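Order of appearance sets the numbers: ligands from 1, and atoms from 1 within every ligand. Values reported hereafter were calculated over all heavy atoms of this structure, with side chains retained and with hydrogens, waters and symmetry mates removed. By convention here, the first residue in the shown sequence is residue 1. Model, not experiment: these values are computed from the prediction.
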Amino acid sequence: MTVGVVPTGAGLGAEISGVDLSQPLDDSTFAEVEAAFDQHGVIILRDQKITPEQQVTFSGRFGECAVNHNAADFGIDGSPEIYLISNIVEDGRFIGTPKAGPEWHTDMSYAKVPARATMLHAIEVPEMDGLPLGDTEFANTAAAYDALPETMKHRLAGLKGIFDFRGRKRGRPISEETIAKYPPVEHPIVRTHPRTGRKGLYVMRNDCTGIVGFESEDALSLIGALANHITRPEFVYRHRWRVGDVVVWDNCTAQHKAMQDYDLPQRRLMWRTTVKGTEPF
Ligand code: OGA
Ligand code: MN
């Protein structure tokens with residue numbers, strides 16, 4: 001099997017060909033996939049026909065799977081690692097989280113040890129007269145860091161962002177239980193990729209609620225300016241989903257955001273798996 005890697009031509013991401021996830025991947029094939037993942041931040045594998053177990057197996061090649069705190073409500077029987085992202089209603093209730101990630105973010109930044117990778121597998125893609133809806137946008141935090149003026153890089157060196165649910169200005173309400181489980185954490189705003197050594201920006205509106213040693217107003221203005229910079233068009237790739245897509249993103253190199261431009265009867269169903277990471281430095 002020859003692995004092909006074709007960059008999207010946008011701010012990040014590459015499409016991988018020659019990999020069939022319904023078959024076992026040998027170590028050298030996976031090494032090529034992982035190298036593309038490290039380099040491009042987002043990888044796209046089209047036309048995959050896989051079972052939940054096969055998705056969990058592929059996810060497990062990147063590291064240990066995390067069981068999402070929503071999986072008990074929004075899971076698949078027999079595969080606790082799979083968590084459904086969906087607006088589909090059955091028996092009067094959503095079968096998954098209906099509107100995951102409508103703002104720019106990176107997964108589990110609220111945790112001391114955030115996720116390395118997140119994988120979505122498209123089972124149903126909403127559309128309007130053939131026009132696919134529910135795209136996901138990705139932004140390249142490493143390219144955004146590289147493009148900063150030296151004076152700003154200098155200012156950011158050593159700064160720590162504060163991630164605190166209780167200070168969040170927007171988003172869904174967080175349960176008391178989750179708040180208790182995830183006390184406020186600090187992460188470096190300039191984060192070093194644990195595998196490539198590349199520096200990237202680890203900061204965003206909403207989830208990042210402050211900066212250590214800064215007055216709130218000053219912190220929010222710097223956070224806002226950096227968030228706007230990271231999501232400039234030249235750093236962004238917008239993924240248009242097709243049924244069968246498997247997309248994996250690196251939560252250090254990429255931020256992402258879901259377009260909310262669809263609603264029932266337009267159905268969206270994604271199987272999500274999350275891979276544990278390492279403490280940011
Ligand atoms: C997520 C997420 C985006 C999407 O699952 O973490 O942000 O487009 N999803 O569903
Ligand atoms: Mn997300």
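Short contacts between ligand 1 and Thr136, defined as distances under 4.0 Å to a heavy atom of the residue, involve ligand atoms 4 (C), 8 (O). Distances below 4.0 Å separate heavy atoms of Ala258 from the following atoms of ligand 1: 3 (C), 4 (C), 8 (O). The ligand atoms of ligand 1 that sit less than 4.0 angstrom from a heavy atom of His105 are 7 (O).
Contact annotation for His256 and ligand 1: only side-chain heavy atoms (C-beta onward) come within less than 4.0 Å of the ligand. Of the heavy atoms in Met259, none comes closer than 4.0 Å to ligand 1.
Not a single N or O atom of Thr118, backbone or side chain, sits closer than 3.5 Å to an N or O atom of ligand 1. At least one N or O atom of Asp107, backbone or side chain, sits closer than 3.5 Å to an N or O atom of ligand 1. Of the N or O atoms in Arg272, one or more lie within a sub-3.5 Å distance of an N or O in ligand 1. Ligand 1 has a nitrogen or oxygen under 3.5 angstrom from a nitrogen or oxygen of Arg268.
Between Thr106 and Ser109, the side chains place no donor N or O within less than 3.5 Å of an acceptor N or O (distance only, hydrogens not considered).
Look at Arg268 and Asp261 and you find no salt bridge, because none of the NZ, NE, NH1 or NH2 atoms lies under 4.0 Å from a carboxylate O. The existence of a salt bridge linking Arg61 and Asp27 is confirmed by a sub-4.0 Å separation between a basic side-chain nitrogen and an acidic carboxylate oxygen.
Panel note: side chain Gln255, backbone Val203; a donor-acceptor pair is recorded below 3.5 Å.
In this structure, Lys153 places its NZ atom where more than 12 heavy-atom neighbours from other residues, nucleotides or ligands lie under 6.0 Å away.
Ring centers of Phe163 and His187: under 6.0 Å apart, within the cut-off. Aromatic ring centres of Phe94 and Phe74 lie farther apart than the 6.0 Å criterion allows.
For Asp107, the N, O or S atom with the smallest separation from the Mn ion (ligand 2) is OD1.
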